[in-house]
Number of protein chains: 2
Amino acid sequence: MPLSKERVLGAAVALADAQGVEGLSMRKLAQELGVVPMALYKHVANKDELLDAMVDVVVGEIDPPAGGTDWKTAMRRRVLSARGALLRHPWTSRVMESRASPTPAVLAYMDSMIGMFRAGGFSIDLTHHAMHAMGSRLLGFSQELFDETADVGPGMDAETLRELAGAFPHITELVVAITHDQASVVGVGCDDQFEFEFALDLMLDGLERLRDRA
Amino acid sequence: MPLSKERVLGAAVALADAQGVEGLSMRKLAQELGVVPMALYKHVANKDELLDAMVDVVVGEIDPPAGGTDWKTAMRRRVLSARGALLRHPWTSRVMESRASPTPAVLAYMDSMIGMFRAGGFSIDLTHHAMHAMGSRLLGFSQELFDETADVGPGMDAETLRELAGAFPHITELVVAITHDQASVVGVGCDDQFEFEFALDLMLDGLERLRDRA
DNA sequence: TTGACAGGTATACGGCGTACACCTAGGCTA
DNA sequence: TAGCCTAGGTGTACGCCGTATACCTGTCAA
């Protein structure tokens with residue numbers, strides 16, 4: 001089977017899924033395809049263009065807007081669909097952020113999101129603010145700067161734990177509370193999906209209130 | 001003047017401020033300091049540690065919590081102070097996101113933020129949700145996935161503009177509205193500071209309402 | 001005086017993206 | 001059918017990167 005842009009993209013996405021985007025190099029990708037590195041350049045202009053195209057693959061997995069419902073549930077559904085795509089390809093958010101300007105596919109997604117607000121009766125100005133306020137959540141991710149439970153685990157002795165508790169009392173209190181909530185569940189950690197939806201609804205409810213006040 | 005961790009860090013921050021974090025290499029940094037690359041390794045273990053230390057420099061610029069006010073204005077002030085630091089060193093957010101785990105300084109900042117919620121009468125659970133919901137905004141940035149006015153400017157002919165309007169009608173409408181709002185100002189673009197505070201207040205107000213309901 | 005050590009240096013390795021020249025097979029035109 | 005064009009894979013090489021390793025030199029304590 002000869003090379004093609006589709007084959008290259010597919011292998012690139014798979015490789016990034018498997019190894020993370022830091023592990024994706026033109027050379028490894030070529031090897032994966034049984035080909036010499038420079039062969040890739042007959043199908044993509046350079047690595048940056050490859051990354052852009054990979055983002056578009058993921059954005060293409062987001063469901064189209066649902067019809068026949070109010071703006072809020074339609075938007076909610078679409079955002080959660082985007083989140084699904086981003087969870088399947090966790091490298092995407094990082095790549096998207098590092099890119100200088102958005103790809104047409106991302107622009108089209110944003111455009112249709114704006115349209116959903118407008119159809120929901122939002123003024124242009126409020127729509128504008130809403131887009132900013134939603135920020136990355138529109139694409140189904142909110143960068144989590146730290147996973148509070150990742151660093152606390154079985155691999156830590158009581159001494160270190162006590163030190164941590166002294167240095168960061170509030171974090172400790174919080175982690176303890178979370179962990180107790182679900183003591184029976186294997187693998188401590190909070191319910192990311194719940195947290196995401198919590199913040200999403202907080203945002204959507206607040207925006208709705210602002211719209212109705214005007 | 002001999003090398004020192006402080007001199008290395010200072011030069012690294014300055015270089016990243018000037019060239020962006022992509023332009024920061026151990027070799028360029030060494031050259032900036034008039035020294036051979038390997039000399040740096042007597043003061044930092046490796047580039048990752050250097051990046052972590054650079055983040056801590058910026059986090060150190062964030063004002064301590066303001067006393068003598070209610071939780072909301074105290075938190076608002078602190079977040080805006082963080083935003084100031086991040087705006088002075090725009091590379092910081094990207095570096096922070098790319099790091100595997102947060103530095104102690106970042107943890108300490110988060111810890112004190114949690115403390116501010118708790119002092120404001122938030123339950124542990126609501127505090128937890130609040131921290132997730134605030135996400136990166138806690139550190140004064142919300143990743144802007146696209147700057148809607150960056151791509152539309154004097155360097156674009158009427159033909160391209162019409163094409164864009166056809167492909168992305170809602171974005172176009174929005175950009176036009178924004179640009180008209182401030183026709184007299186040089187350099188189109190929305191007021192980022194306003195947008196940030198809008199979203200921040202939306203969040204804080206929503207959280208307060210939840211707290212009072214409980 | 002000696003010896004340890006802190007701190008700057010020289011060299012080298014493997015990995016990266018990619019420019020450039022080359023080859024080769026398939027298909028189109030004359 | 002002869003000639004050539006071109007799409008697509010190859011080989012080599014360049015300059016950049018982070019950093020391991022060995023080395024040198026000046027300072028200071030014993």
Side-chain angles (χ1 to χ4, degrees), chain A residues 1-57 89-92 94-101 103, chain B residues 1-57 89-92 94-101 103:
Chain A
M1 186 162 49
L3 233 48
S4 73
K5 182 144 185 176
E6 287 68 40
R7 277 220 326 135
V8 171
L9 278 180
V13 167
L15 210 161
D17 285 348
Q19 313 232 9
V21 71
E22 300 81 9
L24 170 68
S25 74
M26 298 301 272
R27 298 168 121 102
K28 279 196 228 167
L29 178 55
Q31 189 171 9
E32 206 75 25
L33 289 162
V35 105
V36 93
M38 286 311 292
L40 302 175
Y41 289 85
K42 301 287 181 183
H43 303 273
V44 295
N46 49 49
K47 190 175 181 181
D48 278 357
E49 198 203 81
L50 173 70
L51 289 171
D52 276 344
M54 290 169 64
V55 167
D56 283 357
V57 168
H89 311 289
W91 43 269
T92 316
R94 199 188 305 295
V95 171
M96 230 165 353
E97 293 163 37
S98 70
R99 229 90 293 284
S101 55
T103 64
Chain B
M1 185 160 53
L3 233 49
S4 73
K5 183 144 185 176
E6 287 67 41
R7 273 212 338 130
V8 171
L9 278 180
V13 167
L15 210 161
D17 285 348
Q19 313 232 7
V21 71
E22 299 81 8
L24 171 67
S25 73
M26 297 302 272
R27 297 169 121 101
K28 278 196 227 168
L29 178 54
Q31 190 171 10
E32 205 77 24
L33 290 162
V35 105
V36 93
M38 286 312 291
L40 301 175
Y41 288 85
K42 301 288 179 181
H43 302 273
V44 295
N46 49 49
K47 190 175 183 182
D48 278 357
E49 198 202 82
L50 173 70
L51 289 171
D52 276 344
M54 290 168 64
V55 168
D56 283 357
V57 168
H89 310 290
W91 43 269
T92 314
R94 199 189 306 294
V95 171
M96 232 165 352
E97 292 163 37
S98 70
R99 229 90 291 285
S101 55
T103 65

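So that the names make sense, note that chain A is the first sequence line, chain B the second, and so on, each numbered from 1.
Side-chain contact between Arg99(A) and Asp48(A) is present, with heavy atoms from C-beta onward closer than 4.5 Å. Between Met54(A) and Val21(A), the closest side-chain pair of non-hydrogen atoms is not below 4.5 Å. Counting heavy atoms from C-beta on, the side chains of His89(A) and Val57(A) never come closer than 4.5 Å.
Between Ala12(B) and Leu24(B) the shortest heavy-atom distance is O-CD1, 4.2 Å. Taking each heavy atom of Asp17(A) and Pro90(A) in turn, the nearest pair found is OD1-CD, 4.5 Å.
We find that CG of Leu24(B) is positioned 14 Å from C1' of dC16(D), with the value rounded to whole Å. Glu6(A) places its CD atom 12 Å from the P atom of dG8(D), with the value rounded to the nearest Å. Atom NZ in Lys5(B) sits roughly 18 Å away from atom C1' in dG8(C) (whole-Å rounding). Atom C1' of nucleotide dT10(D) and atom CG of Leu3(A) are separated by 13 Å, given to the nearest angstrom. Rounding to whole angstrom units, CG of residue Leu51(A) and C1' of dG17(C) are separated by 12 Å. The CD atom of Gln19(B) sits 14 Å away from the P atom of dC16(D) (whole-angstrom rounding).
Near DNA chain D, meaning a heavy atom under 4.0 Å from it, residues 39-49 of chain A has Ala39(A), Lys42(A), His43(A) in order of number. Looking at residues 25-38 of chain B, you'll see Ser25(B), Met26(B), Arg27(B), Lys28(B), Met38(B) sit with a heavy atom under 4.0 Å from some atom of DNA chain D.
Other residues, nucleotides and ligands contribute more than 12 heavy atoms inside 6.0 Å of the CD atom of Gln19(B).
Remark: the backbone N or O of Gly23(B) is paired with a side-chain donor or acceptor of Lys28(B) at under 3.5 angstrom.
Checked against Leu9(A) for a side chain to side chain contact (heavy atoms under 4.5 Å, CB included), the options Arg7(A), Glu6(A), Lys5(A) give a single hit: Lys5(A).
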